Amino acid sequence: MSSSEAKQAYTSIMRGLKELDLTGTAIPCHLILTGDNALPLALNCKGQVHMAASTYGSGRIVVFGHESYMKTLPKLVENTLLWLRGDQSDNTSVGIHKAVEDVAKNLANTSFQPKVMNKFNSDEGVAVYVTDAYSVEGSEDDILEFMKSGGGVLLGGQAWWWATQHPEDSVLLKFGGNKVAGVAGIHFTERHREGECVSVDSQIPYSWKSIKLRKDFKEDLEFLLQGVSEFDISGGTFSEILVHGPLSFPIVTNAEGRAVIAGGYYGKGRVVLVSHEGILGFKSLARFWSNAVHWLDQGRRGVIGVEADNALDNLKETGLNVEKTGFRPDLSVFVRTVYGEDHIKQIQEFVAEGGGLLIGGHSWYWAQTHLGENYLSEFTGNKLLNSMGLTLLSGTLGGCPFKALEPGSAIKDSYHFRRLLYHFAQHVNENKEITPDGEKYLKKLGCDCANVLHLNSCSCSSHLQLVSVLTDILKRTGIPQVSEQSTVSSPKDHLLLNLATEVYKVSPNPEELLGFLIKDNPVLPALFNHRIKLNVNTADGGEWVSTGLYLSPGMKTYMALPAEIINKGWKVQIGCQTDQLSADTLSRAPCVCEIFPVTSEMMQVHNLWGGLVYLIAPPNTQVTGAEVMVQVGVPVPYYKSGETSLSDWLHLRAAPSPWAELEFENIILTVPSDVVRSLDRPDELAALWDRIMKAIADLSSIPHKLKRKERFVCDVQISHGWMHAGYPIMAHTSPAAEIVSVAHATTTGLWGPIHELGHNQQRGCWEFPSHTTEATCNLWSVYVHETVLNIPRGKAHEQMLSEKRIKRAAKYAQNGRNLTEWDMWTALETYMQLQDQFGWEALKLVFAAYHNMSHFPGDNKGKMNLYCQTFSETVGKDLTGFFKAWGWPIEGDTEKKLSNLPAWTDHPMAQYN
């Protein structure tokens, strides 16, 4: 049931009602709602559900927490029958079980034609069937088929009395009403409370109290872990399992409470998920797999269908009937991996109607190979599992000690998304202190809230509930107004910042919510109907296209986009700070960039945190002369070489955006606007950066015109380091003034920025990680400082002083020329000695030679031999002795290939022999 369908269902069922009188002698039981389709209709003051609606197949169902309400609330029943009838508006026939025949009397003055029945009979041709939860025994399969085919079911009853008479039986699985309603995600429980007079609101009633877990899973864990003393599953790389359903639970976790094996109830069936398919074949876990399959089989001793080959041997020892087979609906338990696209809907129905599912696999590889796609909803395993309350996350867990939960206190002492969210909501709404146990999980809870919000793309009732609860939390607490001057570090603040980002995206009323989140949000002068010409010709990588506009926090704008870029992989991006932060102390929110796929010619875009507006052009795309119009945006101090005149710049530099952009021939600098307010000659800065970028291209032996302009963004906080390479290169704000200053660059230098640009020039075929990762990038720093900035290497960086270089080389040789010590400055010295002897031109020729090669070795040893050979052939000397003196693993074959060249015997390392 989509969110819009859920709202329509609630409105239809509650039409004309102001309150529901649930007082009296009837004591209703509480209902648990699971899956994507079930929605609450009536909650008591404790947030417990007494009435609910759902869909299954083509049909519909409404459940009352006590059968007497079908008699005492005739208007509600009439509305309910109208909704349950669905598309069968011409069918007024309602079947009514004799146990609730008083309902027939209440329908006397309605359009419905009641038929009292001793038991359900599909041949009667009714549109809706009304019964109590105790009278479905023996007819549940027929009722399910009726509902699945489009029929409506009204079911009333309570399970608490039944539970007292059947203390050894599971209410979830054995109570008659659950054999029908449970399939649609509505479960009767033994919990109960005296009825109240419940007001009827205009919106679906949601309460943070409804999130509370109602089952401890003690008996399930005792069964699953019987005879299992340890879980030795080290060696694999697991995905983390997000356990978020009200009837799902962790089974095995690491020390941080992150689950790698989990289980749960879904409808009348059960599921066990393990986050790597490899351990299905572990002999050491044979007892656990036997327990799991028996738990899933529920005593039927039916056929266990196994599609996952490695699980066969273990499962054949269970004493059950095990067959190698694909999915069949007549199985008792099906065993498979998470990777297949086939039978997803059929398997969900199979489990909902009582089947067992043992499933294994991870999502991290899929997420890594499908960048830009929402693995939470698009990965096949998650398509199958999300509605069951289990989701595979992209983060990896490996090499950790894993332990099974203690059945007696499993949920109380472990991480469970709903348990922690309930306690945090209780803290916010009732000022209940957060325990140290809860405190340590708050940061993770914020990330998991974001994950759950992304599961179904706002498309179901359960999503509406979560949005409602989280919105109420944010309105009560607000969020920390984080900045460089006002940092935050508490887990609670981390949680609130994560929540704000994600809830704002899906809020039905973001304008109202904005006032609770951003306290200082001045209205800035804006441009209207701003036009941008697209002249794009991208290579292998995507490219950001600057618009010269900024959106304030929460500011919305419409963009009119040309037809030729619709559904072609283009995107709109709000924000230049693409780094996502995981630091303990934050100077800004963890994620402040928002991306919208371009899917229509008119789009509305916005971002809670605001940001510069970009179009992202996909790889290998050419568009010339197309026009984009932006309805409204704040002007940016934006200079573009060859287009912006000096007189225009002197006006533009005062534009109100807090971000400025300087776009030159081969690089774009994005900096806080404050650092360019007094920049008088951007043309001189452009000329300097043009020379720097040409020098970088020269050393790399590539054309002066880069395939994609480099980008440099200065932010108050980045994901790691003081600066890091990438697109864009990210840096802290403190270097911003330096990179836009010709005087600073030509006197003090720009070692750090050029170092990062050097990283972007590194190629795996001549890189030897981890030794050279922070070494060879500095070749560009030395080259640019010497050839463009006229700053000697020793002045550009103190580590390049001659005395320090000599001392490092000597120490390395004296310590045995061990490659474990050959990294960063020591590794750089190898290349600088080559440059000292053969000059920069030799290095350029070596890089050029690699451009014409293919089929490179994949290991460091092979790559080092290739580099030795390539450099030797380039300079016409046998350099094997030099590289061996540096401890490189030069092979006999390489020496033989180069033996015809004159040997370089007087190299700098020879003195240490």
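As the structure is a prediction and not an experimental result, all values here were calculated from the model. Side chains are part of it too, since the values below use all heavy atoms of this structure and drop only hydrogens, waters and symmetry mates.
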Listed pairs under 3.5 Å, donor-acceptor, residues 444-453 side chains, sequence neighbours left out:
{"unit_1": "Lys444", "atom_1": "NZ", "unit_2": "Glu240", "atom_2": "OE2", "d": "2.2"}
{"unit_1": "Lys444", "atom_1": "NZ", "unit_2": "Asp448", "atom_2": "OD2", "d": "3.0"}
{"unit_1": "Asp448", "atom_1": "OD2", "unit_2": "Tyr415", "atom_2": "OH", "d": "2.5"}
{"unit_1": "Asn451", "atom_1": "ND2", "unit_2": "Cys447", "atom_2": "O", "d": "3.3"}

- Task: Kindly indicate, with the supporting measurements, whether the criterion side chain to side chain contact (heavy atoms under 4.5 Å, CB included) is fulfilled by Met14 and Leu17.
- Result: CA-CA 6 Å; Met14 295 300 171; Leu17 297 171; 4.1 Å; yes
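Taking the salt bridge (Lys or Arg N to Asp or Glu O under 4.0 Å) definition, one finds that Arg193 meets it with Glu196, sequence neighbours left out. Judged as a salt bridge (Lys or Arg N to Asp or Glu O under 4.0 Å), and not counting sequence neighbours, Lys46 has no contacts. Judged as a salt bridge (Lys or Arg N to Asp or Glu O under 4.0 Å), and not counting sequence neighbours, the contacts of Lys71 are Asp102. Every residue two or more places apart in sequence or in another chain that forms a side-chain contact (heavy atoms from CB on, under 4.5 Å) with Asn291 is listed here: Gln226, Val228, Arg287. Partners of Thr34 under the side chain to side chain donor-acceptor pair (under 3.5 Å) rule, at least two apart in sequence or in another chain, are His187. For Lys345, the salt bridge (Lys or Arg N to Asp or Glu O under 4.0 Å) partners are Glu349, not counting sequence neighbours. For the side chain to side chain donor-acceptor pair (under 3.5 Å) test, residues two or more places apart in sequence or in another chain that qualify with Asp297 are Ser332. Residues satisfying the side chain to side chain donor-acceptor pair (under 3.5 Å) criterion with Tyr266, sequence neighbours excluded, are absent altogether. Remark: Glu19 engages no residue in a side chain to side chain donor-acceptor pair (under 3.5 Å) (not counting sequence neighbours).
For Glu439, the CD atom sits in a packed shell: over 12 heavy atoms of surrounding residues, nucleotides or ligands are nearer than 6.0 Å. By the neighbour-count criterion of 12 heavy atoms within 6.0 Å, atom NZ of Lys403 is sparsely surrounded, having that number or fewer from other residues, nucleotides or ligands. Other residues, nucleotides and ligands place more than 12 heavy atoms under 6.0 Å from the NZ atom of Lys209. By the 6.0 Å contact criterion, CD on Gln346 is enclosed, its count of non-hydrogen atoms from other residues, nucleotides or ligands being greater than 12. Glu194 CD: 12 or fewer foreign heavy atoms inside a 6.0 Å radius.
Across Ile211, Asn429, Leu470, Leu442, a single residue satisfies side-chain contact (heavy atoms from CB on, under 4.5 Å) together with Phe424, and that is Leu442.
Using a cut-off of 4.0 Å between Lys/Arg side-chain N and Asp/Glu carboxylate O, Asp216 and Lys218 are scored as not salt-bridged. Between Glu430 and Lys432, none of the side-chain N atoms (NZ, or NE/NH1/NH2) sits under 4.0 Å from a carboxylate O, so this pair counts as no salt bridge. For the pair Lys179 and Glu137, the salt-bridge criterion is met [side-chain N within less than 4.0 Å of a carboxylate O].
Side-chain atoms of Asn254 come within 3.5 Å of backbone atoms of Arg258 as a donor-acceptor pair (strictly under, hydrogens ignored). Of the possible donor and acceptor atoms, none in the side chain of Arg418 sits under 3.5 Å from a partner among the backbone N and O of Gly245. With hydrogens and angles disregarded, a donor-acceptor distance shorter than 3.5 Å links the side chain of Thr471 to the backbone of Val467. With Glu219 contributing its side chain and Phe217 its backbone, the two residues share no donor-acceptor pair below 3.5 Å.
Within the 4.5 Å cutoff, side-chain heavy atoms of Leu384 are placed close to those of Leu357. Two residues are said to be in side-chain contact when any heavy atoms from C-beta on lie closer than 4.5 Å; Val128 and Phe112 fail this criterion. Looking at heavy atoms from C-beta onward, Phe175 lies out of side-chain contact with His166 at the 4.5 angstrom threshold. Gln158 has its side chain within reach of His66: a pair of non-hydrogen atoms, C-beta onward, lies under 4.5 Å apart. Side-chain contact between Leu22 and Tyr69: present, with at least one pair of heavy atoms (C-beta onward) separated by less than 4.5 Å.
In this structure, a donor-acceptor pair under 3.5 Å is absent between the side chains of Ser139 and Asp142. No donor-acceptor contact under 3.5 angstrom links the side chains of Tyr206 and Asp472, judged on distance only. Judged purely by distance below 3.5 Å, without hydrogens or angles, the side chains of Thr391 and His244 pair a donor atom with an acceptor atom.
Under the 30°/60° scheme for interplanar angles, the aromatic rings of Trp208 and Tyr422 are found to be tilted.
For residues 50-61, every residue pair satisfying the side-chain hydrogen bond (donor to acceptor under 3.5 Å, both in side chains) rule, not counting sequence neighbours, is listed here: Asn44-His50, Tyr56-Glu353. Identified under the ring-ring contact (aromatic ring centres under 6.0 Å, His included) test for residues 133-160, with sequence neighbours left out: Phe120-Phe146, Trp160-His192.
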